[in-house]
Amino acid sequence: MKQLMLASGNVGKLKELSVALTDFGFELQLQPKEPAYDVAETGTTFVENAIIKARHAARISGLPTLADDSGLIVPALNGEPGVYSARYAGEQASDQHNYQRLLEKLHGIDDRRSYFYCCLVMMQHADDPAPLIAEGRWHGEISLQPSGEGGFGYDPVFYLPDLNCSAAELPAAEKLRLSHRGQAVRQLKSRLQSRA
């Protein structure tokens, strides 16, 4: 098994991505909880931030690295919360504070279309000039109030009209099948196969 660093401390992401990548001979590991691995996400796009995280973790670990950057985009709010999705209501904001701020900003706005976006970047080493980049988009709309106990982030207010439920009401396996991250993982696997 080849070691692959995940440029994240998120155990949930590790579980999701490990299952998807085991058939490619990768053993995914979380980056250590050390200050050296902290890096400012100074990009203005998800792609830039994923590259920043992957390059930084690869440089410190010396291992091939996978990074993910994702968030929610609401066109009626000029793309907000976008790259600031995790800190929309402030640096230490909870998921609930973030989605409550979103609901407040959308008050009185009829166009509630939105989509989740995910970018995955895999680098063989810190100076990899041709990283693998995969992306996914999951379309829905923002509900008037939260519903559901599952998921995380904006899932309770991300409504799926075709399924008549929020992302937080979906079983985990169904969410992964439909979601932006699930789409990005499938695209990454396809690119890994074509590179092999």
Side-chain angles (χ1 to χ4, degrees), residues 4-14 16-17 20-21 26 28-95 97-99 101-102 105 113-140 142 152-155 158 167 179-192 195:
L4 180 66
M5 176 70 67
L6 177 61
S8 172
N10 187 317
V11 177
K13 280 185 188 178
L14 178 72
E16 273 186 14
L17 294 168
L21 295 173
F26 288 115
L28 206 54
Q29 62 185 60
L30 282 179
Q31 69 182 26
K33 292 187 178 186
E34 298 171 6
Y37 279 91
D38 293 340
V39 64
E41 295 177 34
T42 55
T44 58
T45 66
F46 295 108
V47 176
E48 289 172 314
N49 282 335
I51 289 171
I52 287 167
K53 290 190 279 190
R55 181 166 282 131
H56 182 75
R59 181 158 283 124
I60 292 172
S61 69
L63 293 171
T65 301
L66 178 67
D68 152 299
D69 202 51
S70 52
L72 180 70
I73 295 169
V74 181
L77 297 178
N78 296 317
E80 288 183 18
V83 294
Y84 302 104
S85 292
R87 52 194 187 276
Y88 194 44
E91 285 297 327
Q92 304 302 319
S94 67
D95 290 347
H97 285 121
N98 284 330
Y99 70 65
R101 178 167 190 229
L102 178 64
K105 289 199 83 166
R113 289 172 300 148
S114 63
Y115 62 94
F116 278 119
Y117 175 86
C118 174
C119 176
L120 292 175
V121 169
M122 183 182 280
M123 290 193 162
Q124 294 304 312
H125 51 81
D127 298 313
D128 188 345
L132 286 180
I133 299 174
E135 63 176 357
R137 292 170 197 250
W138 191 20
H139 293 270
I142 304 302
F152 59 93
Y154 294 88
D155 287 355
F158 187 71
S179 77
H180 52 309
R181 187 166 290 112
Q183 293 173 41
V185 165
R186 287 191 294 278
Q187 193 179 95
L188 180 69
K189 288 171 77 170
S190 169
R191 293 195 173 157
L192 281 166
R195 185 184 257 194

statement: In terms of heavy-atom contacts, Val74 and Pro81 come closest through CG2-CD, 4.3 Å
query: Heavy-atom count around Asn78 CG within 6.0 Å, excluding the residue itself: above 12?
result: no
- line: Closest non-hydrogen contact found for Ser114 with Pro75 is CA-CD, 4.2 Å
- prompt: Do you know which two heavy atoms are closest between Asn49 and Thr42, and how far apart they sit?
  reply: OD1-N, 3.5 Å
field: Separation between CG of Leu192 and CG of Leu132, rounded to the nearest 0.5 Å
entry: 5.5 Å
field: Phe116 and His180 aromatic ring geometry - parallel, tilted or perpendicular at 30°/60° bounds
entry: parallel
CD on Gln29 to CG on Leu63, rounded to 0.5 Å: 5.5 Å
- prompt: Any sub-3.5 Å donor-acceptor pair from Asp155's side-chain atoms to Phe152's backbone N or O?
  reply: yes
- prompt: Is the CD atom of Gln92 crowded by more than 12 outside heavy atoms at less than 6.0 Å?
  reply: no
field: side chain to side chain contact (heavy atoms under 4.5 Å, CB included) assessment of Ile133 paired with Cys119
entry: CA-CA 7 Å; Ile133 299 174; Cys119 176; 3.9 Å; yes
Salt bridge (Lys or Arg N to Asp or Glu O under 4.0 Å) partners for Glu80, two or more places apart: Lys105
statement: Closest heavy-atom pair, Val121 versus Ala50, reported as atoms and distance to 0.1 Å, is CG2-CB, 3.6 Å
message: Can you confirm whether more than 12 heavy atoms, excluding those of Arg186, are under 6.0 Å from its CZ atom?
response: yes
- prompt: Got a sec, which pairs hit salt bridge (charged side-chain N to carboxylate O under 4.0 Å, His left out) with one end in residues 51-64, sequence neighbours left out?
  reply: Glu41-Lys53, Lys53-Asp69, Arg59-Asp127
- request: Calculate, to the nearest 0.5 Å, the distance between atoms OH and CG belonging to Tyr88 and Asp95 respectively.
  value: 15.0 Å
- request: List for me each residue that meets side chain to side chain donor-acceptor pair (under 3.5 Å) alongside Glu135, sequence neighbours excluded, and say none if there are none.
  value: Tyr117
From Leu4 atom CG to Ser61 atom OG, the distance as rounded to the nearest 0.5 Å: 9.0 Å
- line: Here the pair of heavy atoms bringing Ala134 nearest to Ala184 is CB-O, 3.3 Å
statement: Applying side chain to side chain donor-acceptor pair (under 3.5 Å) to Ser190 and not counting sequence neighbours gives none
statement: ring pair (Phe, Tyr, Trp, His ring centres under 6.0 Å) with Phe158: of Tyr115, Trp138, Tyr99, only one passes, and it is Trp138
message: Within the supplied structure, the quantity of interest is the number of heavy atoms (other residues, nucleotides, ligands) at a distance under 6.0 Å from His97 NE2; does it exceed 12?
response: no
Set of residues satisfying side-chain contact (heavy atoms from CB on, under 4.5 Å) with respect to Ala57, sequence neighbours excluded: Met5, Ala7, Gln31, Tyr37, Thr65
- request: Report the distance from atom CE of Met123 to atom NE2 of His125, rounding to the nearest 0.5 Å.
  value: 9.0 Å
- prompt: What do the steps show when you test Leu14 against Leu28 for side chain to side chain contact (heavy atoms under 4.5 Å, CB included), and what is the final call?
  reply: CA-CA 7 Å; Leu14 178 72; Leu28 206 54; 3.9 Å; yes
message: I'd like to know if the side chain of Tyr154 and the backbone of Ser85 have a donor-acceptor N/O pair within less than 3.5 Å.
response: yes
query: Do Thr44 and Val83 come close enough that some side-chain heavy atom pair is under 4.5 Å?
result: no
- prompt: Can any side-chain N or O of Asn98 pair as donor or acceptor with the backbone N or O of Ala86 at less than 3.5 Å?
  reply: yes
message: With rounding to the nearest 0.5 angstrom, report the CD1 to NE2 distance, Ile73 to His139.
response: 9.0 Å
query: Which residues satisfy the ring pair (Phe, Tyr, Trp, His ring centres under 6.0 Å) test with His56, sequence neighbours excluded?
result: none
